[in-house]
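The structure under discussion appears below in the form of C-alpha coordinates.
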Amino acid sequence: MSEPRCWLDEDGEHFWWWHECDAELDAWRLEVGFKREHMLPLGPDGWTLVQKDPLTIAPSILCGICKTHGFWRDGKWVKA
(Lines give C-alpha, C1' and ligand atoms only; values in the text may rest on other atoms or scores of the structure.)
Protein backbone atom coordinates (compact mmCIF):
# COMPACT_ATOMS: atom_id res chain seq x y z
CA MET A 1 0.00 0.00 0.00
CA SER A 2 1.22 3.51 -0.83
CA GLU A 3 1.83 6.10 1.84
CA PRO A 4 -0.87 8.78 2.15
CA ARG A 5 -0.24 12.16 0.52
CA CYS A 6 -1.38 15.66 1.43
CA TRP A 7 -1.30 19.00 -0.40
CA LEU A 8 -2.80 22.48 -0.10
CA ASP A 9 -5.55 23.70 -2.41
CA GLU A 10 -4.91 26.84 -4.43
CA ASP A 11 -7.70 28.69 -2.59
CA GLY A 12 -5.81 28.45 0.72
CA GLU A 13 -8.99 27.32 2.46
CA HIS A 14 -8.70 23.54 1.98
CA PHE A 15 -6.19 20.75 1.86
CA TRP A 16 -6.39 17.41 0.10
CA TRP A 17 -5.54 14.13 1.73
CA TRP A 18 -5.12 11.02 -0.44
CA HIS A 19 -4.77 7.41 0.66
CA GLU A 20 -5.50 3.90 -0.50
CA CYS A 21 -8.74 2.78 1.11
CA ASP A 22 -9.58 -0.92 1.53
CA ALA A 23 -12.99 -0.30 3.07
CA GLU A 24 -16.27 -1.78 1.96
CA LEU A 25 -17.89 0.86 -0.24
CA ASP A 26 -21.34 -0.70 -0.46
CA ALA A 27 -23.23 -3.78 0.68
CA TRP A 28 -22.22 -6.04 -2.20
CA ARG A 29 -18.66 -5.08 -3.16
CA LEU A 30 -15.23 -4.67 -1.58
CA GLU A 31 -12.79 -2.52 -3.57
CA VAL A 32 -9.23 -3.27 -2.50
CA GLY A 33 -6.74 -0.49 -3.20
CA PHE A 34 -9.41 2.11 -4.00
CA LYS A 35 -7.75 5.51 -4.08
CA ARG A 36 -9.70 7.97 -1.99
CA GLU A 37 -9.23 11.74 -1.88
CA HIS A 38 -10.63 13.90 0.87
CA MET A 39 -10.90 17.70 0.58
CA LEU A 40 -10.79 19.03 4.14
CA PRO A 41 -11.37 22.61 5.33
CA LEU A 42 -8.75 24.82 6.94
CA GLY A 43 -9.66 27.55 9.43
CA PRO A 44 -11.86 27.97 12.49
CA ASP A 45 -14.29 25.23 11.42
CA GLY A 46 -11.63 22.78 10.22
CA TRP A 47 -7.96 21.90 10.53
CA THR A 48 -5.13 24.26 11.36
CA LEU A 49 -2.31 24.91 8.90
CA VAL A 50 0.60 24.88 11.35
CA GLN A 51 3.19 25.48 8.63
CA LYS A 52 3.35 25.32 4.83
CA ASP A 53 6.88 24.03 4.37
CA PRO A 54 7.27 21.33 5.35
CA LEU A 55 3.51 20.88 5.45
CA THR A 56 2.07 20.35 8.94
CA ILE A 57 -1.68 20.09 9.64
CA ALA A 58 -3.37 19.75 13.05
CA PRO A 59 -5.18 17.89 14.53
CA SER A 60 -5.05 14.30 13.29
CA ILE A 61 -6.81 13.04 10.15
CA LEU A 62 -9.22 10.09 10.17
CA CYS A 63 -10.87 8.37 7.21
CA GLY A 64 -14.48 7.81 8.26
CA ILE A 65 -14.69 4.81 5.93
CA CYS A 66 -11.60 2.64 6.48
CA LYS A 67 -10.50 4.28 9.79
CA THR A 68 -6.97 5.10 8.55
CA HIS A 69 -5.78 7.55 11.23
CA GLY A 70 -2.69 9.67 11.59
CA PHE A 71 -1.02 13.06 11.55
CA TRP A 72 0.51 15.13 8.76
CA ARG A 73 3.73 16.48 10.31
CA ASP A 74 6.83 17.97 8.71
CA GLY A 75 5.66 16.88 5.25
CA LYS A 76 5.22 13.23 6.28
CA TRP A 77 2.41 10.90 7.32
CA VAL A 78 2.72 9.66 10.92
CA LYS A 79 0.35 6.83 11.90
CA ALA A 80 -1.65 7.42 15.07
Between CH2 of Trp17 and NE2 of His38, what distance do you get to the nearest 0.5 Å?
4.5 Å

To the nearest 0.5 angstrom, please state how far the SG atom of Cys66 sits from the CD atom of Glu20.
10.5 Å

Could you tell me which residues satisfy side-chain hydrogen bond (donor to acceptor under 3.5 Å, both in side chains) with Ser60, sequence neighbours excluded, listed by chain and number?
His69

Taking only residues two or more places apart in sequence or in another chain, which ones pass side-chain hydrogen bond (donor to acceptor under 3.5 Å, both in side chains) with Asp11?
His14

Verify the cluster assignment for Ile57 and Leu62: are they in a single hydrophobic cluster under the rule of side-chain heavy atoms below 4.5 Å apart?
no

Among Leu49, Leu55, Ile61, exactly one meets side-chain contact (heavy atoms from CB on, under 4.5 Å) together with Phe15. Which residue is that?
Ile61

How many angstroms lie between OG1 in Thr68 and NE2 in His19, if you round to the nearest 0.5 Å?
4.5 Å

Between atom CH2 of Trp47 and atom CG of Leu42, what is the distance when rounded to the nearest 0.5 Å?
9.0 Å

Rounding to 0.5 Å, atoms CH2 (Trp18) and CH2 (Trp7) come to a distance of 8.5 Å

Name the atoms and distances for all side-chain donor-acceptor pairs under 3.5 Å in residues 70-79, with sequence neighbours left out.
{"from": "Asp74", "atom 1": "OD1", "to": "Gln51", "atom 2": "NE2", "distance (Å)": "3.4"}

